Amino acid sequence: MTSENAIGKAADDEDPRRYDEVLDEAVEIAKRWLDGVFDRPIPPSAGIEQVKSALGLELSVHGDDPRDVIDRLAAEVEPGIMAMQSPRFYGWVIGGTYPAALAADWLVSTWDQNTAMRNVTPGVVAVEELAGEWVADLLGLPSGAGVGFVTGATMANFVGMSAGRQRVLAQAGWDVNRDGLSGGPKVRFIVGAERHGSVDIAGRYLGLGAPIVIDADDQGRIVVDRLRDVLSSENGPAVVCLQAGNLHSGAFDDFDAAIAVAHEAGAWVHIDGAFGLWAGATPALRHLTRGYEAADSWATDGHKTLNVPYDCGIAIVSSADAVHEAFGMRASYLQPSETGTDPHERVPELSRRARGVPLWAALSTLGRLGVEQLIDGLAANAAALASGLAELDGVEILNDVVYTQVCMAMPDDTRTIAVGQRLRDDGLVLASPSRWRDREVLRFSVSNWATDAADVAATVEAVGRVIAALR
Ligand SMILES: *Cc1c(COP(=O)(O)O)cnc(C)c1O
């Protein structure tokens, strides 16, 4: 079969520029994977060395046929794939993938838009602007906030804290963009004892050094009285990082009180809400986030609770000017927008994929009520899981289950570790071994849209089976 393309060249099946054969192959492989992913054993059966040698260690000299490359990729890598989309995968904090979000992600790669500039890629910038406005609206955060799409909450923390560093130094009469950090006033970087490690990393990128650590209570929430003591012990610029959603307990800091104390001292308040910020999108759970809208910046993920593919982090800064002061850049060759700030002026990257598009697709298929049902459903499944596990012989639930996280422990650490190992070998359920409040724990994060009551029941049964086998 031949046809003519736009410049009159004949295109036939041998044309190396044809995409359809290799894409058809990939679609078939993807469908097969997705058909089986809910039922296959969750842990990978092959390790890194095995996959490497199956693929072939040497780069070929002349290259291979595209279809053969894709076939080989699927055949040799699949044994090394962790079934993270499984509805009984509860490891770390990891969402699955909504069908429309995955399909939109394919289109993002297909269109291959460098999503830096409004004038250049209006289609995907329009989609991302809508997604950003919808997210702020769903979460009840200020309209007109600067919303940027980054790789994940780690970079979203970096963005919020960057805007904060710039602003608090400016208020102290120091222009960090011009003069750098050395010789300037010290920025106090203040966190709770149970913040996520990515907050420390962001502080490191920003030259803030190690944080001043405030005690946490029994659920991991920052102790506001201690925060007040530390803030009032010294004057000067400060960035305070609070948390919506503790990894182990799911707990939320007392934003009303903590933000008031921090703002009283002139500090910038950033909230790491990688998965927890979404509690603010539903009336049933919104009490957990009470007062959080008064913060100055927020970090969250699309790829966790919202179940879009990697990578999708969202950085929201209340003052669009503040984030622009930190990341704004103009260059003659970029054709800057006259009608609004460009997407790259709210994030660290210049070239990037249109990672807000799958988020738009997920939100569009869910609608406002669907978002509420998603978040309420995750929390309800977590509560059901916790009460089912609590019935099992020797199991103790260590946290107050207020959101999506469940931490269980056996009467002694050795037994908890053994249950975790057996459960992983069993393959039906995956939970994260961790350590919390001086105990070994098994942590379940209920973050997958596809988890239902039958999965919860099967999970409890699997843990029960493992415990019985160890007795
Ligand atoms: C996952 C997580 C992060 C880091 O997010 P990434 O998307 O992995 O960069 C930060 N904070 C909390 C509370 C998290 O759960």
Side-chain angles (χ1 to χ4, degrees), residues 93 95-101 104-105 125-150 152-153 156-157 159-160 242-245 250 252 255-256 259 270-309 311-320 323 343 346-347 354-380 382 402-404 446-449:
V93 182
T97 312
Y98 275 116
D105 200 63
V125 172
V127 178
E128 286 199 339
E129 288 187 0
L130 286 172
E133 285 160 22
W134 291 353
V135 166
D137 183 49
L138 284 167
L139 297 175
L141 301 180
S143 64
V147 181
F149 290 99
V150 287
N157 284 332
V159 169
L242 302 177
Q243 177 167 261
F252 294 69
F255 299 118
D256 251 346
I259 294 172
H270 172 77
I271 298 178
D272 173 9
F275 64 98
L277 216 61
W278 294 96
T282 167
L285 296 167
R286 196 167 283 149
H287 60 279
L288 297 168
T289 62
R290 188 167 22 243
Y292 80 154
E293 67 281 355
D296 301 293
S297 56
W298 305 263
T300 193
D301 272 325
H303 58 224
K304 292 181 175 176
T305 311
L306 257 282
N307 282 262
V308 308
D311 47 31
C312 183
I314 309 159
I316 307 168
V317 180
S318 176
S319 159
V323 74
R346 297 187 290 272
V347 298
R355 54 171 68 100
V357 171
L359 180 66
W360 174 90
L363 293 175
S364 295
T365 52
L366 287 169
R368 214 168 259 285
L369 279 179
V371 172
E372 290 177 13
Q373 283 159 6
L374 164 67
I375 318 295
D376 292 350
L378 298 176
V402 294
Y403 189 53
T404 56
V446 184
S447 303
N448 192 312
W449 68 282

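Numbering of residues begins at 1 and proceeds along the displayed sequence. Values in this document were obtained by computation on a predicted structure and should not be read as measured data. Scope of the values below: all heavy atoms of this structure, side chains included, with no hydrogens, waters or symmetry mates.
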TODO: Kindly give the heavy-atom pair with the smallest separation between Ala284 and Asp376, and that separation in Å.
DONE: CB-OD1, 3.7 Å

Open item on the list: Which label fits Phe255 and Tyr292: parallel for a plane angle under 30°, tilted from 30 to 60°, or perpendicular past 60°?
Closed with: tilted

Open item on the list: Assess the residue pair Val402 and Leu288 against the criterion (side-chain contact (heavy atoms from CB on, under 4.5 Å)); give the C-alpha distance rounded to whole Å, side-chain angles, the decisive distance to 0.1 Å, and a yes or no.
Closed with: CA-CA 8 Å; Val402 294; Leu288 297 168; 4.1 Å; yes

TODO: Taking the side chain as every heavy atom from C-beta outward, state whether Leu359 and Leu306 have any atom pair closer than 4.5 Å.
DONE: yes

Task: Any residue meeting salt bridge (charged side-chain N to carboxylate O under 4.0 Å, His left out) with Asp137, in chain and number order, not counting sequence neighbours - done: Arg368

Open item on the list: I need the minimum non-hydrogen distance between Val308 and Pro358, along with the two atoms involved.
Closed with: CG1-O, 3.8 Å

- [ ] Would you kindly say whether His270 and Asn157 are connected by a side-chain donor-acceptor distance under 3.5 Å?
- [x] yes

Task: All side-chain contact (heavy atoms from CB on, under 4.5 Å) counterparts of Val371, not counting sequence neighbours - done: Leu138, Ala281, Leu363, Leu366, Ile375

- [ ] State, to 0.1 Å, how close Ser447 and Asn307 come at their nearest heavy-atom pair, and which atoms those are.
- [x] O-ND2, 2.9 Å

Task: Ser318 versus Asp296, side-chain donor and acceptor atoms under 3.5 Å - done: no

TODO: Can you see which heavy atom on Ala145 is nearest to which on Ile316, and at what distance?
DONE: CB-CG2, 3.8 Å

Task: Full working for side-chain contact (heavy atoms from CB on, under 4.5 Å) between Asp105 and Val357 - done: CA-CA 7 Å; Asp105 200 63; Val357 171; over 6 Å; no

TODO: Return the orientation label for the Trp449 and Tyr98 ring planes: parallel under 30°, perpendicular over 60°, tilted otherwise.
DONE: tilted

Task: Minimal non-hydrogen separation, Ala379 against Leu285, with atom names - done: CB-CD1, 3.9 Å

TODO: Verify side-chain contact (heavy atoms from CB on, under 4.5 Å) between Phe149 and Val347, making sure each step is shown before the conclusion.
DONE: CA-CA 7 Å; Phe149 290 99; Val347 298; 5.6 Å; no

Open item on the list: Which heavy atom of Val150 sits nearest to which heavy atom of Val159, and what is that distance?
Closed with: CG1-CG2, 4.1 Å

Task: Candidate pair Phe252 and Tyr403, rule ring pair (Phe, Tyr, Trp, His ring centres under 6.0 Å), full reasoning - done: CA-CA 9 Å; Phe252 294 69; Tyr403 189 53; 5.4 Å; yes

- [ ] Could you tell me whether a side-chain N or O of Trp360 sits under 3.5 Å from a main-chain N or O of Glu129, the two making a donor and an acceptor?
- [x] no

TODO: For Glu128, enumerate each residue passing the salt bridge (charged side-chain N to carboxylate O under 4.0 Å, His left out) test, keeping only those at least two apart in sequence or located in another chain.
DONE: Arg352

